[in-house]
2 protein chains.
Amino acid sequence: MRASAESNGGGADDDAAQVMGDGRHARHVTLKDVAELAGVSVSTVSLVMNEKKNARIAVKTQERVNRAIRELHYRPNALAQNLVTGTSKFIGLLTDSIATTPFAGQIIHGAQDRAWKQGYVLLIVNTEGNEDIERQAIRMFLEYKVHGILYSTWYHHEITLPQSLKDMNTVLVNCYSDTENLISVVPDEFNGGRTAAKMLLEQGHRRVAFINTTVESPARTGRLAGYRRALAEQGIAEDPSLIVDAEPTQEGGRAVAEVIRASGATGVCCHNDRVAMGLYDALRNRGIMVPSDISVVGFDDQEVIAAHMLPPLSTVALPHYELGASGVDAVLAPPVHLDDHRVLIACPAVHRESISALD
Amino acid sequence: MRASAESNGGGADDDAAQVMGDGRHARHVTLKDVAELAGVSVSTVSLVMNEKKNARIAVKTQERVNRAIRELHYRPNALAQNLVTGTSKFIGLLTDSIATTPFAGQIIHGAQDRAWKQGYVLLIVNTEGNEDIERQAIRMFLEYKVHGILYSTWYHHEITLPQSLKDMNTVLVNCYSDTENLISVVPDEFNGGRTAAKMLLEQGHRRVAFINTTVESPARTGRLAGYRRALAEQGIAEDPSLIVDAEPTQEGGRAVAEVIRASGATGVCCHNDRVAMGLYDALRNRGIMVPSDISVVGFDDQEVIAAHMLPPLSTVALPHYELGASGVDAVLAPPVHLDDHRVLIACPAVHRESISALD
DNA sequence: GTGAAAGCGCTAACAT
DNA sequence: ATGTTAGCGCTTTCAC
């Protein structure tokens, strides 16, 4: 058996390795090898491999071919396949920062899962904000004939699109560019803010404070608008003293604790979990307990923090996984009829123990 | 010139674009196109593109070719290149979880940076522990003819290697398998523990507690050994009551606060930042202040937490970035003369404000 | 100096 | 039902 060995003639000795079927160093078994072993033509092998439905191959032949494939541990060469079909199975993913935040990971994860399910593989490059890397990466994507490109940022904001992306099948993830017509997959900030407020309102809170971020962004404006809508829906008049700005960090949360205390709010929506964490600290230092004295809601759902605070923090999740997944969907099958080219992804409530019921 | 525009006939209006050299939708310009425009053969173009030194091309020809390349916005087809040279520029990266931890991100980032610098691109797949995905991923790596594979885990532990990886150029990152001869790139737990203890010792602390993790792992044994060594180096006798176990979470830290207080330790090494965070909480509830009453050192350097605690936490960093980067190095150029096939990566001290000096 | 030609491993008509 | 024949876009001898 393994007659193919001879057919290679007295050629190079470098692939005697093939001898034992243990797969070790099975130096590039090709279609031709399989064909020879099975005693058929390469096209036949190709046909059975791809299970083409039109071309009917005799069952016996199929078996023979399959046996050969297994014996030789044959794996098709994706590069050759891509070349001949003229179409790769790559999707490029450009992220501005995978390092400085746990978030990007989830976007990648979502994109990866979805792409995988459709038979695509992700070419990921992290630019860490470096425009040079960005340019090179796009070039590389081009050279690998990617099907499309996901351009993602770690927090939701406006970007100016690299020139070279304009000509490609690009979708923006967690960012947008109003000067382009590209599809943007972004979190639904408005309803996220509304959800946060409602979590408190539904438990009977009427005086709910809102700690906004100081950084200009869709999160800042969108969530505030959502909060207002939620109040309005309950017929609660807005009290400006209940709305305060803070840096979106633990420090920011600590800084506004006094204002929050003084406001007489029974519940407070924080811009993110980190702010909530700082707020917890500073509140406790004043002898104010969560949730018995005051209820708090976070935003983001950063597991490492939110789930392990004391008490565990009720929050609104930023749907990073879904952002990545929907991004891939949009690249593979561009949705039509979008408002403003946006695909809005919901921010779901995550109930834990930082909210108490008021009656 | 640009006669090709006509050859598209009256077709879709979407790529009349080719007309102006603005690159829009430049549908697959090939070597041949460039050759024709420049009035030379494809081989000539190939030669100038690759700046082959042996084949000397007339400077004038080079210029002509380069002009054509620029005009056409020509980019080589990496798939074709890889096919003909028989060697891809891919490195596969298998991670068990990018989702549940911020750490994997850093490994990816390091690997990505290093690979990029050497002209390689990463094929990343996140298995989230799913063996089926793992198998498929490895198959895929094979099909894309990757140069090598990085198998990485989110925390340092022993693994049993998937059968199919044994025949490949694989390096283990943040994990190891004692039954295989594969190179492992792992954090130097021993010296990490030693460093943590020394941070306290160097400030004059003599009674330093050690909160170990309950989960069996190189971190558990290695760091403890390092702590012991550090004590020994200072001629301090070990006090068993100073060594306690706890779950490696905030909850674990809170749980042992009382034991720590009772131990009379002036400083404590925590298994990780999260434990330190819980300890902070519980200590403060008892009116014990960090660092004036007690000094604490963390481990991991999880930025979101450590840098923003009150006071900011001094800690020992887990070198995830370097793990990924060195992993790529090992795949591309296997180091020789390793002890136990391990490449040990240092865990550096990160000084912040949770340690006070004793005199 | 430069071009012609032979593939790399595969798919897809078109024959048979 | 299966084999033959062209390429896909590129690199690389080997002639001229």
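Proteins come first, then strands; the chains are lettered A, B, ... in the order of their sequence lines, and each starts at number 1.
In the set dG9(D), dG3(C), dG3(D), the nucleotide with an atom closest to the side chain of Ala80(B) is dG9(D). Proximity note for Ile57(B) (side chain, C-beta onward) versus dT11(C), dG9(D), dT2(C): the nearest is dT2(C). For Thr61(A), taking side-chain heavy atoms from C-beta onward, the closest of the listed nucleotides dC10(C), dT11(D), dT2(D) is dT2(D). Nearest nucleotide to the Tyr74(B) side chain, out of dC10(D), dG9(D), dT11(C): dC10(D). Here the side chain of Asn77(A) is nearest to one of dC10(C), dA12(C), dT11(D), namely dC10(C). Side chain of Thr30(B), nearest nucleotide from dG3(D), dT11(D), dG9(D): dG9(D). For Val84(A), counting side-chain heavy atoms from C-beta on, the closest listed nucleotide (dG9(C), dA1(D), dG3(C)) is dG9(C). Considering only the side chain of Leu31(B), dT11(D) comes nearest among dT11(D), dG3(D), dC8(C).
Among the protein residues, Asn82(B) comes within range of no part of the nucleic acid, since none of its heavy atoms lies under 4.0 Å from any strand. As judged by a 4.0 angstrom heavy-atom cut-off over every strand, Ser43(B) is placed among the base-contacting residues.
Atom pair Lys145(A):NZ and dG9(D):P shows a separation of 9 Å (rounding to whole Å applied). Distance OH (Tyr144(A)) to C1' (dG9(D)): 14 Å, rounded to an integer number of Å. The distance between atom CE of Met49(B) and atom P of dC10(D), rounded to the nearest whole Å, is 9 Å. The CD-P distance, from Gln81(B) to dC8(D), rounds to 17 Å in whole Å. When rounded to the nearest whole Å, the span between NZ of Lys32(A) and P of dC10(C) equals 11 Å. Computed from coordinates, the Asn50(B) CG to dT11(D) P distance equals 5 Å when rounded to whole Å. In this structure, the CG atom of Leu83(B) is 14 Å from the P atom of dG7(C), given to the nearest Å. Between the CD atom of Glu63(B) and the P atom of dT2(C) there is a distance of 12 Å, given to the nearest Å.
The phosphate of dC10(D) (OP1 or OP2) has no side-chain N or O of Ser46(B) nearer than 4.0 angstrom. At dT2(C), none of the side-chain N or O atoms of Thr44(B) fall inside 4.0 Å of OP1 or OP2 (strictly under the cut-off).
Under a 4.0 Å N-O distance rule, the pair Asp178(B)/Arg342(B) qualifies as a salt bridge.
Taking all atoms of both residues into account, the shortest heavy-atom contact from Leu93(A) to Ala111(A) is CD2-CB, 4.3 Å.
For Tyr144(A) and Phe90(B), the distance between ring centers is under 6.0 angstrom.
Between Leu47(A) and the options Val42(A), Val40(A), Ile57(A), a side-chain contact (heavy atoms from CB on, under 4.5 Å) holds for only Ile57(A).
Residues Leu47(B) and Thr85(B) both approach DNA chain C. Their nearest nucleotides, taken by heavy-atom distance, put Leu47(B) toward the 5′ side.
In this structure, Trp116(A) and Val125(B) have side chains that are in contact, with non-hydrogen atoms separated by less than 4.5 Å.
Looking at Ser41(A) and Ser43(A), their side chains do bring a donor and an acceptor atom within 3.5 Å of each other.
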